[in-house]
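What follows is a single structure, written as structure tokens, with notes after it.
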Protein chains: 2
Amino acid sequence: MAEAQRRPTLMDVAKAAGVSRALVSIVMRGAPGAAESTRARVLEAARELGYRPDSRARLLRSARTRLLGLSFSTSQPFHAEIVDAAYAGAAERGYEIALSAVASGRPETRAAEALLDMGCEALILISPTLGSEELAGFSRRAPVVSLLRDDVGDDVDSVSSDDHAGIRLAVEHLAALGHRRIAHVDGGEAVSAAQRRVAFRAEMLRRGLEPIVVPGGPTEEDGLRACALLPDNPPSAVVAFNDRTALGVIEGLRTAGLRVPSDVSVVGYDDSQFARLSYVQLTSVSQDAPLLATAAVDRAVDRLAGAEAPAHLVRTPHLVVRNTTAPAPAD
Amino acid sequence: MAEAQRRPTLMDVAKAAGVSRALVSIVMRGAPGAAESTRARVLEAARELGYRPDSRARLLRSARTRLLGLSFSTSQPFHAEIVDAAYAGAAERGYEIALSAVASGRPETRAAEALLDMGCEALILISPTLGSEELAGFSRRAPVVSLLRDDVGDDVDSVSSDDHAGIRLAVEHLAALGHRRIAHVDGGEAVSAAQRRVAFRAEMLRRGLEPIVVPGGPTEEDGLRACALLPDNPPSAVVAFNDRTALGVIEGLRTAGLRVPSDVSVVGYDDSQFARLSYVQLTSVSQDAPLLATAAVDRAVDRLAGAEAPAHLVRTPHLVVRNTTAPAPAD
DNA sequence: GTCGTTGTCTAGAACGTTCTATAGACTGGT
DNA sequence: ACCAGTCTATAGAACGTTCTAGACAACGAC
């Protein structure tokens, strides 16, 4: 159908209810200044006509748009979890979320600019790939919060997960199960791979254990390949860079005739969908998307409220124990 | 920083370039009616001031917003692939995409209404869960295209994938490899499970083969469980409802001591990320997200251009052969 | 009675753009 | 010389909302 039937405006409702445009506006946004009786009458007229406020006009006119811009990447399943939680967090603080995706022919700059053009008061960028100076450029127009990445310069807020703490949790868990020979299949050049590698070394040394670090990468292939590089006398546990890396490692161990977790325990990182799959049930370090999302929203809202300087918030991850870790075999 | 520094408007650029507001507008949107020399001067002034058009005002004023609303679910990784492709498709037809997510506390109605309020000219809803009458309601305001679901009534367009053809491709492939005993682990009550089940039966009978249908479901657990229900004399090939189901089946076969694909071949459906994982390499029927996305965009744009009645488009899926299918064992 | 005070309502400007109508300044053909 | 046509530019209304300022009535306090 979709006839060219003009959608009703404030004016239409005003006429129907026999009041002024301004009063309908007051009623529609629940502002004080209308008698209860007329309020009801206006609301009824609006319902009758099927009136819905036009967000373009509303956004254009009002000083505060109460709109938070959120950019995410279509290629990262983890981002979707954050988007989900961000909606709830924003609603709780009385804000709306405007989405903009980083897609194939659509670079991050474009996504961020679109959000600004829509009238967003602040920007939340999920693991931005932009440089500090570019981010600083955006931050001159609106407060910017970098989510999942913290090396973004001093003009931009950041909310990220404590990699050191995450790795410590993993090692702690394995050590408590009696493991002494623990290897780390690292993330190679991937984002935050260096931090996790350093954290692993530090944590192992702190416990008087020898840190075995094997070069890996962020994908299953990398994990698979890394298995070939494990010492002949294999470790009894592996901390993988990533859940995907962990899956590759598990596959590699399996084909080498080792059983997980009875022979070798494996810990992943991210607690992604993979990890939760019933036939995987991977023990993994969770960055907790909802927690990060609400922290980022809160930070953005606070920046809009007060005038505090940008800060770098770090959230502590937690360990989700499933079925790929078990007590060390009594060798 | 984020000072309260007002962003430059058309008026500012006009003053700087010494022309009228209207002319700057003409230049900014590349419309005819400006001399090349002044065009350059205006553009320079705009660049100088860092002017960016305000999309709220633009959207509010212009008759054609050239905005396509796209709703997707954060919990479906497949939707992300479609979003990605939709951006490219829309850009090609001179349209922009406005996103709205269906998230935890955010039902589909809310997502769709938000898109309408933003001034979208048409709506593309990815596998909508709304009823036909509700969809028809939206279609009175703007053309609506349902993506991935076709039983949406006659007021709404739909673009979906041909389940029958997909199953046929799978069976064809297996038959060509010499398989005669082929089982289908179905999707139980899941969306489009019935269609695929019917298609499998029909296709097997057409070939004079006995259709073995085993009750399953859309997750790995279901696939795993279904393995126990396979006849004692196991089939040499399985067509799973789903990639996830297929993974469960593979796991089940493996633990039963059967090798994939040398003992049993397995075909999945969706060609999801799982399927492409290097250690899985699942042969799967691909619905081809980019194809579906551009088809939906094209359909929406066509509806906006012409006045044709809603149609139900069906795209033919294709088979992606990987490493979980092999010639039938010479029994 | 007059005077704030409070509660309800309204007129009209404003937001930054696009659209419609029109005005001048050139062309070139007669 | 004059008119038609094209090109360039502009003024001002419009889009649908919110905001500012103020009008009007009712009320109680003096």
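On a predicted model such as this, the values are computed, not experimentally measured, just so you know. Labels below follow one simple rule: chain letters A, B, ... track the order of the sequence lines, proteins then strands, and each chain is numbered from 1.
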Do B:Thr74 and A:Asp84 pair up side chain to side chain, a donor and an acceptor below 3.5 Å, judged on atom types alone? yes

Taking NZ, NE, NH1 and NH2 as the nitrogens, is one of them in B:Arg66 or B:Glu96 under 4.0 Å from a carboxylate oxygen of the other? no

Pull out every protein N or O sitting under 3.5 Å from an N or O of nucleotides 25-27 of chain C, one pair per line with the distance.
none

With a 3.5 Å cut-off and sequence neighbours excluded, list the donor-acceptor pairs that the side chains of residues 11-23 of chain B form with protein atoms.
from: B:Asp12; atom 1: OD2; to: B:Arg6; atom 2: NH2; distance (Å): 3.4
from: B:Asp12; atom 1: OD2; to: B:Thr9; atom 2: N; distance (Å): 2.8
from: B:Ser20; atom 1: OG; to: B:Leu23; atom 2: N; distance (Å): 3.3

Between the side chains of B:Arg110 and A:Tyr87, does any donor sit under 3.5 Å from an acceptor? no

When you compare the side chains of B:Arg106 and B:Ser100, does any donor N or O come within less than 3.5 Å of an acceptor on the partner? yes

Could I get the full list of salt bridge (charged side-chain N to carboxylate O under 4.0 Å, His left out) partners for B:Glu108, not counting sequence neighbours? none

Just by distance, no angles: are the side chains of A:Ser146 and A:His312 close enough, under 3.5 Å, to form a donor-acceptor pair? no

Separation of atom CG in A:Leu23 from atom P in D:dA23, rounded to whole Å: 18 Å

Contact list please: residues 31-39 of chain A against DNA chain C, heavy atoms, distance less than 4.0 Å, in numerical order. A:Gly33, A:Ala34, A:Ala35, A:Thr38

The side-chain contact (heavy atoms from CB on, under 4.5 Å) partner of B:Cys120 among B:Leu67, B:Leu70, B:Leu68 is B:Leu67

Identify, residue by residue, the members of residues 92-99 of chain A with a heavy atom below 4.0 Å from DNA chain C, and return them in order of residue number, or none. none

Whether B:Arg93 side chain and B:Val297 backbone form a donor-acceptor pair below 3.5 Å: no

Say whether A:Ser158 and A:Ser160, considering side chains only, have a donor N or O and an acceptor N or O under 3.5 Å apart. no

Nearest whole Å is fine: how far is C:dT17 P from B:Leu59 CG? 12 Å

Exam field: side chain A:Arg299 to backbone A:Asp157, donor-acceptor pair closer than 3.5 Å: no

Nearest-angstrom distance from the residue atom CD1 of A:Ile26 to C1' of C:dT10: 9 Å

DNA chain D: A:Arg29 or B:Arg41, which has the more 5' nearest nucleotide? B:Arg41

Specify the separation, in whole Å, of atom CE of A:Met11 and atom C1' of C:dT10. 11 Å

Carboxylate-amine/guanidinium contact A:Asp117 B:Arg7, below 4.0 Å: yes

Between the protein and nucleotides 13-16 of chain D, list the N/O to N/O atom pairs that are separated by less than 3.5 angstrom.
from: D:dA13; atom 1: N6; to: B:Arg21; atom 2: NH2; distance (Å): 3.0
from: D:dA14; atom 1: N3; to: B:Arg61; atom 2: NH1; distance (Å): 2.6

Strictly by modelled atom types, are B:Thr316 and B:Asp162 linked by a side-chain donor-acceptor pair under 3.5 Å? no

Please confirm whether the shortest side-chain N or O distance from B:Ser20 to OP1 or OP2 of D:dA11 is below 4.0 Å. no

